[in-house]
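Just so it is clear: chains get the letters A, B, ... in the order the sequence lines come, proteins before strands, and each one is counted from 1.
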Amino acid sequence: MDREIKKWIDKSIPVVYRCESSDCLIILVGMNQTGKGEKLTKEKVAFKTKSDIEILDDGFKWRKYGKKMVKNSPNPRNYYRCSAEGCSVKKRVERDVEDPSYVITTYEGVHNHEGPFRS
DNA sequence: CGCATTTGACCTGCGC
DNA sequence: GCGCAGGTCAAATGCG
């Protein structure tokens, strides 16, 4: 995680928000190309939340498409994708290295459709 | 019956 | 140019 954040900092300027009222950390990363001359504009949002399970249902239907073991942490990393058509939003879920009780959920992209309402 | 999930392999990108 | 790491895809299986 630390290395990844460093990577983001190296390529863009991340904005970090902290939820003092609860155990969560929100990191907004606006990836604007800085040195390539291109105009790549990707947005990445990482949520670090204290949770027992890694399947945080945020109202969308996610389809798991991959699992990977990162060297940085002994924990596996899960890759999810929005099941809606035309919606290429990707979600990455992994546990915190220092605090296994924390789950780091990273969203990439924006939903081009209205998400299913969950009451 | 349909769809989501699972695991391993393959491919691409970046670093050295 | 090669090696490593990360990310993605695809086929089979299980469950709803």
A.B. asks: Taking atom C1' of dA4(B) as reference, at what distance in whole Å does atom NZ of Lys61(A) sit?
C.D. replies: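 About 12 Å, once rounded to whole Å.
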
A.B. asks: Which residues pass the ring pair (Phe, Tyr, Trp, His ring centres under 6.0 Å) test with Tyr80(A), sequence neighbours left out?
C.D. replies: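 Once residues adjacent in sequence are excluded, Tyr80(A) has no partner under the ring pair (Phe, Tyr, Trp, His ring centres under 6.0 Å) criterion.
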
A.B. asks: Members other than Tyr65(A) in its cluster, when Ile, Leu, Val, Met, Phe, Trp, Tyr link by side-chain heavy atoms under 4.5 Å?
C.D. replies: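 Members besides Tyr65(A), by chain and number: Tyr79(A).
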
A.B. asks: Under the side-chain contact (heavy atoms from CB on, under 4.5 Å) rule, collect the residues that match up with Ser83(A), sequence neighbours excluded.
C.D. replies: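 For Ser83(A) the side-chain contact (heavy atoms from CB on, under 4.5 Å) partners, ignoring immediate neighbours, are Lys61(A).
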
A.B. asks: Hey, what are the protein-to-nucleotides 9-16 of chain C N/O distances that come in under 3.5 Å?
C.D. replies:
residue	atom	partner	partner atom	Å
dC9(C)	OP2	Arg81(A)	NH1	3.2
dC9(C)	N4	Tyr65(A)	O	2.8
dA10(C)	N6	Tyr65(A)	O	3.3

A.B. asks: Please list, chain by chain and in numerical order, all residues satisfying side-chain hydrogen bond (donor to acceptor under 3.5 Å, both in side chains) with Lys91(A), sequence neighbours excluded.
C.D. replies: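 For Lys91(A) there are no side-chain hydrogen bond (donor to acceptor under 3.5 Å, both in side chains) partners, ignoring immediate neighbours.
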
A.B. asks: Distance check needed: dA4(B) C1' versus Tyr80(A) OH, whole Å only.
C.D. replies: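 Those two atoms, OH and C1', are 11 Å apart.
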
A.B. asks: Starting from P on dG6(C), measure out to OH on Tyr79(A) and report it in whole angstrom.
C.D. replies: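 Between P of dG6(C) and OH of Tyr79(A): 7 Å.
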
A.B. asks: Roughly how far, to the nearest 0.5 Å, is NZ of Lys90(A) from CD of Glu108(A)?
C.D. replies: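 Those atoms lie 5.5 Å apart.
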
A.B. asks: Using OP1 and OP2 only, check whether a side-chain N or O of Lys68(A) sits under 4.0 Å from dT7(B).
C.D. replies: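 Answer is no, no contact under 4.0 Å.
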
A.B. asks: Please state how far atom CZ in Arg77(A) lies from atom C1' in dT7(B), giving the value in whole angstrom units.
C.D. replies: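 Arg77(A) atom CZ is separated from dT7(B) atom C1' by 18 Å.
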
A.B. asks: Check side-chain hydrogen bond (donor to acceptor under 3.5 Å, both in side chains) between Arg81(A) and all other residues, then give those that pass, not counting sequence neighbours.
C.D. replies: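 So Arg81(A) forms no side-chain hydrogen bond (donor to acceptor under 3.5 Å, both in side chains) with any residue.
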
A.B. asks: In this structure, how many angstroms lie between the P atom of dG7(C) and the NZ atom of Lys90(A), rounded?
C.D. replies: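 Roughly 10 Å, once rounded to whole Å.
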
